[in-house]
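Numbers here simply count residues along the sequence, with the first being 1.
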Amino acid sequence: MSNSYKLSVNQTTTFDWNESDLKTLDAIQLNSSQFHVLDSNKSYKVEIVSADFIAKKYTIKVNNNTYEVAIADALDILIQSMGIQRGRTKVINAIKAPMPGLILEISVEVGQEVKENDPLLILEAMKMENSFLSPRNGTIKSIAVQKGMAVDKGQLLVEFE
């Protein structure tokens with residue numbers, strides 16, 4: 001793993017940095033959170049407003065403009081390229097019926113963007129209504145059931161992209 005980094009600023013712009021790029025900056029630490037930086041003959045007043053070292057996310061002010069910066073190292077980039085989200089052990093891509101029952105309501109459509117805990121459908125089983133909420137943010141890829149349909153245990157209900 002090399003000492004390269006990917007910086008994401010305000011979730012819109014990314015920069016690739018490495019150790020040699022960092023060495024070209026002329027920075028003087030003024031106190032624990034403020035710095036004076038010279039880069040390409042331009043002067044910058046930099047302040048670290050907040051830092052989440054575990055998530056590698058920072059809020060910084062540069063000449064009184066505030067930016068949200070996320071830093072990913074080579075390992076973070078490799079993990080992301082494998083489709084794994086840091087901090088998650090499993091990504092759920094399908095909802096299956098935990099028991100036999102009857103579909104009472106479907107609250108989503110194919111192609112719909114959903115957020116975690118949005119209602120997906122209601123399954124009646126053993127005279128009880130069971131609401132299924134989205135386990136994650138995502139897009140509905142398919143809906144394998146219809147309102148009024150009887151389902152078996154383990155049957156696919158909703159699939160995510």
Minimum-distance pair of heavy atoms, taken over all atoms of [X] and [Y]:
| X | Y | result |
| --- | --- | --- |
| Ser134 | Val114 | OG-CG2, 3.6 Å |
| Glu113 | Thr139 | OE2-OG1, 2.7 Å |
| Ser107 | Pro119 | CB-O, 3.6 Å |
| Ala125 | Pro100 | CB-O, 3.4 Å |
| Glu161 | Ile140 | OE2-O, 4.5 Å |

Is the shortest side-chain heavy-atom distance between [X] and [Y] below 4.5 Å?
| X | Y | answer |
| --- | --- | --- |
| Val145 | Ile106 | yes |
| Ile60 | Val49 | no |
| Ile48 | Lys61 | no |
| Asp16 | Thr14 | no |
| Asn18 | Tyr5 | no |
| Phe160 | Ile95 | yes |

For residues 26-37, which side-chain donor-acceptor pairs fall under 3.5 Å, sequence neighbours excluded?
residue, atom, partner, partner atom, Å
Gln29, NE2, Asn31, O, 3.0
Asn31, OD1, Ser33, N, 2.9
Asn31, OD1, Gln34, N, 2.9
Asn31, ND2, Gln34, OE1, 3.1
His36, NE2, Ser43, OG, 2.7

(request) Could you check Thr59 against Glu68 for side-chain hydrogen bond (donor to acceptor under 3.5 Å, both in side chains), going step by step and ending with a plain yes or no? (result) CA-CA 5 Å; Thr59 302; Glu68 300 294 326; 2.9 Å; yes
(message) Using a 4.5 Å cut-off between side-chain heavy atoms of Ile, Leu, Val, Met, Phe, Trp and Tyr, which other residues end up in the same hydrophobic cluster as Leu102?
(response)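 In the cluster with Leu102 are Leu104, Ile122.
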(message) Can you list, by chain and residue number, the hydrophobic cluster partners of Leu156 when the side-chain cut-off is 4.5 Å?
(response) none
(request) Spell out, as yes or no, whether a donor-acceptor pair under 3.5 Å connects the side chain of Arg136 to the backbone of Ile92. (result) yes
Nearest-0.5 Å distance, [atom1] of residue [X] to [atom2] of residue [Y]:
| X | Y | atom1 | atom2 | answer |
| --- | --- | --- | --- | --- |
| Ile143 | Glu159 | CD1 | CD | 11.0 Å |
| Lys57 | Ile71 | NZ | CD1 | 12.0 Å |
| Ser8 | Tyr67 | OG | OH | 13.5 Å |
| Asn63 | Thr66 | CG | OG1 | 11.5 Å |
| Ser4 | Trp17 | OG | CH2 | 13.0 Å |
| Phe132 | Asp118 | CZ | CG | 16.0 Å |

In a table with atom names and distances, give each donor-acceptor pair under 3.5 Å that connects a side chain of residues 146-153 to protein atoms at least two apart or in another chain.
none

(message) Are Val9 and Val62 linked, directly or through intermediate hydrophobic residues, by side-chain heavy-atom contacts shorter than 4.5 Å (ILVMFWY only)?
(response)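 Val62 clusters together with Val9.
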(message) Working note: Leu133 + Leu120, criterion side chain to side chain contact (heavy atoms under 4.5 Å, CB included); need CA distance, chi angles, decisive distance, verdict.
(response) CA-CA 5 Å; Leu133 305 178; Leu120 299 176; 5.9 Å; no
(request) Mind jotting down which residue pairs meet the side chain to side chain donor-acceptor pair (under 3.5 Å) criterion with at least one end in residues 121-130? Sequence neighbours excluded, please. (result) none
(message) Do the side chains of Lys56 and Asp73 get close enough for a salt bridge, i.e. N-O under 4.0 angstrom?
(response) yes
(request) Please list all pairs passing the salt bridge (Lys or Arg N to Asp or Glu O under 4.0 Å) test where one or both residues lie in residues 96-107, with sequence neighbours left out. (result)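 Residue pairs with at least one partner in residues 96-107: there are none.
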